[in-house]
Number of protein chains: 4
Amino acid sequence: MLLTIDTADRRAIYQQVADGIKALIARGDLAEGAPLPPVRQLAADLGVNLNTIAAAYRELQSDGLITVKHGSGAVVASRTMERSDDELRRTLRTALTQLVLAGLPKGRILNIVSDELHTLMKGTK
Amino acid sequence: MLLTIDTADRRAIYQQVADGIKALIARGDLAEGAPLPPVRQLAADLGVNLNTIAAAYRELQSDGLITVKHGSGAVVASRTMERSDDELRRTLRTALTQLVLAGLPKGRILNIVSDELHTLMKGTK
Amino acid sequence: MLLTIDTADRRAIYQQVADGIKALIARGDLAEGAPLPPVRQLAADLGVNLNTIAAAYRELQSDGLITVKHGSGAVVASRTMERSDDELRRTLRTALTQLVLAGLPKGRILNIVSDELHTLMKGTK
Amino acid sequence: MLLTIDTADRRAIYQQVADGIKALIARGDLAEGAPLPPVRQLAADLGVNLNTIAAAYRELQSDGLITVKHGSGAVVASRTMERSDDELRRTLRTALTQLVLAGLPKGRILNIVSDELHTLMKGTK
DNA sequence: GTGGTCTAGACCACG
DNA sequence: GTGGTCTAGACCACC
């Protein structure tokens, strides 16, 4: 699944998992209709509790990205997620502020953005 | 101070304050050596708990961006913050994933990045 | 059979099937003594797992609405189901709460109730 | 809080709690801005686990009925909840089917509906 | 086999 | 003092 959790990361574990899967969906590594790994299996693979993964799947479900069926499992439902323009701008601004304060020059930041965007959108068209 | 808190924002209040001040520092609106408002005053202005502002200042201090002296208040100590490349990339990727999943086309995303970056770096050179 | 399953429905599939058949019985579309489709056939028609239909029939049986004989299939046994007044009220209240919170005015709710009731009781006399 | 949980009820405990609070909100017993009891207190009052109540609050939050603030608590945010017409009709039909199959005559059902609706909407205008 | 619910209890984050 | 997260482990519901 190409997912890792990092204890140094300030985000909650379930959030890292949810964000990681969102990236996989954006990239198309998880296409619409693709099954997600069973909660228990992913929990075992990542060495975390079952409920932690369940929380991640719950977030993905409430974002409309996956559908979870009781006896079957979870599958990717959509590659689109609702977010207001305001929130998107705010999110981006907060992230960019980190890079600017880290001292990266504008050109370098644009390079990284371009690079990440390329990876994230490789499956978009 | 041009700081606002938004109850619709998913971030914690102290985080909104800290992030807001970071943006002000990045933009140069708060230059090196500039004094930050007293905790009590900012708390009153924003209508939040005093401890909330204290938590924000604590984060800024641990990031090395401000120094807090008892009695004389807080001042901007630096416009640079340590962050590993990994962490920066991760932060940016997580933010960009939101925009991509929201369905924004690449060109639009680059426009927003460029726009935000312009605002954030206006005081850099 | 006029039964459909809807993946957007929050209810479990077996529950949708059981509820759907209950509505057919209430309406008289399935009269007392009428045979239900064989489990295998209904499963095939709806494109769901055989056990799912079996679970639905099991609920109908435990409600006393059908009898299942090995070899001869299931038939409608009764058009009456035991339910305590408390439970009925609770069920109705929970449903009505949804409509009220959805912002429907009283008149509109009464119209829908009347409409649905008319359909459900058309075979009652 | 006028909330009770019933082990005979087929709904999950957290669902009973969520539904109960929804009814209180619809009735206006919990007005907009009113604080909900702390998770731990309600858990103790009802004799269930803290996480069970947290799950109920999470549902109310995702329905947009309450907002939960980290160090403060939960307050009623709105008395309106989004639901599609289809879903509302389906919900009502399923509930009414129970009453019809329980053998209640039309007049009696309308009486109960009217009664419940009166209670639920007492705080609407 | 799948996910869902619930418990008990610990620890952290927020205001 | 508030809610959030995480764990370990049990049992249930669904397909």
Side-chain angles (χ1 to χ4, degrees), chain A residues 5 7 10-18 35-43 46-59 61 66-75, chain B residues 5 10-18 39 43 46-56 58-59, chain C residues 5 10-18 39 43 46-56 58-59, chain D residues 5 7 10-18 35-43 46-59 61 66-75:
Chain A
I5 66 175
T7 54
R10 295 203 265 262
R11 288 172 299 169
I13 298 177
Y14 89 92
Q15 190 69 61
Q16 296 184 41
V17 174
L36 272 69
V39 183
R40 282 166 175 78
Q41 180 194 312
L42 187 50
L46 297 177
V48 301
N49 188 276
L50 168 171
N51 294 319
T52 304
I53 304 298
Y57 280 23
R58 209 183 301 130
E59 167 166 330
Q61 189 174 26
I66 69 172
T67 59
V68 182
K69 290 259 184 303
H70 217 94
S72 341
V75 299
Chain B
I5 65 170
R10 290 152 140 77
R11 287 173 299 169
I13 297 176
Y14 94 95
Q15 191 68 65
Q16 294 184 43
V17 174
V39 176
L46 298 177
V48 302
N49 190 290
L50 188 149
N51 294 321
T52 307
I53 304 299
R58 212 178 308 127
E59 170 166 327
Chain C
I5 66 171
R10 290 152 139 77
R11 288 173 299 170
I13 297 177
Y14 93 95
Q15 191 69 63
Q16 294 184 43
V17 174
V39 176
L46 298 177
V48 301
N49 191 291
L50 188 150
N51 294 322
T52 307
I53 304 298
R58 212 179 307 126
E59 169 167 326
Chain D
I5 65 174
T7 54
R10 297 201 264 261
R11 287 173 299 170
I13 298 177
Y14 89 92
Q15 190 69 63
Q16 295 183 43
V17 174
L36 271 69
V39 183
R40 282 166 175 78
Q41 180 193 312
L42 187 51
L46 297 177
V48 300
N49 188 276
L50 168 172
N51 294 317
T52 304
I53 304 299
Y57 280 23
R58 207 182 303 131
E59 168 166 329
Q61 189 174 23
I66 70 173
T67 58
V68 181
K69 290 261 186 300
H70 217 96
S72 345
V75 300

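Computed from a predicted structure; not experimentally measured. Quick note on labels: first sequence line is chain A, next is B, and so on, each numbered from 1. Atoms considered below: every heavy atom in the structure, side chains included; atoms not considered: hydrogens, waters and symmetry mates.
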Review point. If we only count heavy atoms from C-beta on, is the D/V17 to D/T52 side-chain gap below 4.5 Å?
Key: no

Review point. Donor-acceptor pair under 3.5 Å: do we get one between A/R40's side chain and the base of E/dG4?
Key: yes

Measure [atom1]/[X] against [atom2]/[N] and give the value in whole Å, please.
| X | N | atom1 | atom2 | answer |
| --- | --- | --- | --- | --- |
| D/I66 | F/dT2 | CD1 | C1' | 13 Å |
| B/E59 | E/dG15 | CD | P | 12 Å |
| D/Q41 | F/dG3 | CD | C1' | 14 Å |
| C/Q16 | F/dC14 | CD | P | 12 Å |
| D/I53 | E/dA8 | CD1 | P | 13 Å |
| D/Q15 | E/dC6 | CD | C1' | 15 Å |
| D/Y57 | E/dC6 | OH | P | 15 Å |
| A/R58 | E/dC6 | CZ | C1' | 12 Å |

Review point. Which heavy-atom pair separates D/V75 from D/P35 by the least distance, and what is that distance?
Key: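 Shortest heavy-atom separation between D/V75 and D/P35 comes out as CG1-CA, 4.0 Å.
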
Study note, to complete from the structure: Between B/A56 and B/A18, the two heavy atoms sitting closest are CB-N, 3.9 Å

Nucleotide nearest [X] when distance is taken to its side chain, options [options]:
| X | options | value |
| --- | --- | --- |
| D/V39 | F/dA8, F/dC14, F/dG3 | F/dG3 |
| D/H70 | F/dC15, F/dA8, F/dG4 | F/dG4 |
| D/L50 | F/dG9, F/dC15, F/dT5 | F/dT5 |
| D/A12 | E/dT5, F/dG3, F/dC15 | E/dT5 |

Review point. Under 4.0 Å between a side-chain N/O of D/T52 and OP1 or OP2 of E/dT7, yes or no?
Key: yes

Check your understanding: Taking for each residue the nucleotide of DNA chain E bearing the nearest heavy atom, is the 5' side occupied by D/Y14 or by B/N51?
Key -> D/Y14

Check your understanding: To the nearest 0.5 Å, how far apart are CD in D/Q41 and CD1 in D/I53?
Key -> 10.5 Å

Check your understanding: If you measure from CD on A/Q16 to OG1 on A/T7, what distance do you get to the nearest 0.5 Å?
Key ->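 Spacing of CD (A/Q16) from OG1 (A/T7) equals 8.5 Å.
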
Review point. D/G71 or A/R11: which one's nearest nucleotide on DNA chain F is closer to the 5' end?
Key: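 On the 5' side of the pair lies D/G71.
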
Check your understanding: Considering heavy-atom distances to DNA chain F, does A/I13 or C/N49 have its closest nucleotide positioned more toward the 5' end?
Key -> A/I13

Review point. If you look at every strand shown and take non-hydrogen atoms under 4.0 Å, does C/V48 touch a base, only sugar-phosphate, or nothing?
Key: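 C/V48: no heavy atom of the nucleic acid under 4.0 Å.
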
Practice item. For E/dA8, give its Watson-Crick or G-U wobble partner with both distances under 3.5 Å, or none. Key: F/dT7

Review point. With both distances under 3.5 angstrom, what nucleotide forms a Watson-Crick or G-U wobble pair with E/dC14?
Key: F/dG1

